[in-house]
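Here's the structure, in structure tokens; my notes come after.
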Amino acid sequence: MKKGTLKQILLITDGCSNKGEDPAATASLANQQGITVNVIGILEDDQSEQPEGLKEVEDIALSGGGVSQLVYKQALSQTVQTVTKQAMTQTLQGFVNKELQQILGQDQSLEDLEPEKRGEVMEVVEDMGETCDLEVLVLVDTSASMHDKLPTVKEALIDLSISLNSRIGRNRFCIFNFPGKRKDIQKVLDWSPALDSISSIFPKLTSGGITPTGPAIREAMYQFGKKTLLRSLRDEDESGMEEV
């Protein structure tokens, strides 16, 4: 199997979208484009019951082929790392299952293999998880109710970047927040191999306004295509210059 690039949107929110299209439907669209949508729903530390809006967290991840997790603010950092890695494994297992079906027939999947063979395949999955390239677009809800959670989000993202730096494959991250000042989403940090530069950016994030989660996922999905297009244009320019 060739080592490709895993593409993830990591949505960090405390629930209830209240403007625009259904976010679960938009997540499904992203998944069809090969982008996994993972969602972390943040609960208040003193919140004993889950608000209705956080059911949306599960629906978005289910439609987006990703992983969802509800978490108290204090445990956010560890959860961000866990969800990102779980989603990588889940996506790779999906690739492996497709390959197995081509080799063994439509009815076969990883679970159908005898334990020893399954163990060998999982070793391949783990190896791919270490060596494939990873692109994560972090989409942060900055609506009014997220105000006191943003410092914790910042720390969690820096920890994520550090924890993934030991991988052999390349990591690329970017961060967008929603709602933006004039658009549904706003760029916080352009594609970069590390997230340590966010310390200077996060204090400038202001929270407030509505929660257009569906439109935000749609716009986030387009950012992967733009990056690929810009890179191919740059490569063409460079090859053109070499010919001159």
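The shown structure was predicted, so the numbers you read here are calculated from the model rather than taken from an experiment.
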Are the side chain of [X] and the backbone N or O of [Y] linked by a donor-acceptor pair below 3.5 Å?
X: Glu135; Y: Thr5; answer: no
X: Thr142; Y: Phe178; answer: yes
X: Glu21; Y: Thr26; answer: no
X: Ser161; Y: Ile158; answer: no

(message) Quick check on Glu120: does its CD atom have over 12 non-hydrogen neighbours (other residues, nucleotides or ligands) under 6.0 Å away?
(response)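 It does: Glu120 CD has more than 12 such atoms within range.
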Is [Y] close to [X] at the side-chain level, that is, under 4.5 Å between some pair of heavy atoms?
X: Cys132; Y: Arg167; result: yes
X: Ile60; Y: Ile217; result: yes
X: Leu157; Y: Phe173; result: no

Using the rule that Ile, Leu, Val, Met, Phe, Trp and Tyr join whenever any side-chain heavy atoms are under 4.5 Å apart, tell me whether [X] and [Y] fall into a single cluster.
X: Leu150; Y: Ile12; answer: yes
X: Trp191; Y: Met221; answer: yes
X: Leu134; Y: Ile168; answer: no

(request) Could you tell me which non-hydrogen atom of Val67 sits nearest to which non-hydrogen atom of Gln90, and how far apart they are? (result)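 Distance-wise, the nearest heavy atoms are CG2-OE1, 3.8 Å.
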(request) Please name the pair of heavy atoms, one in Val136 and one in Leu10, separated by the smallest distance, quoted to 0.1 Å. (result)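 Looking at all heavy atoms of both residues, the shortest contact is CG1-CB, 4.1 Å.
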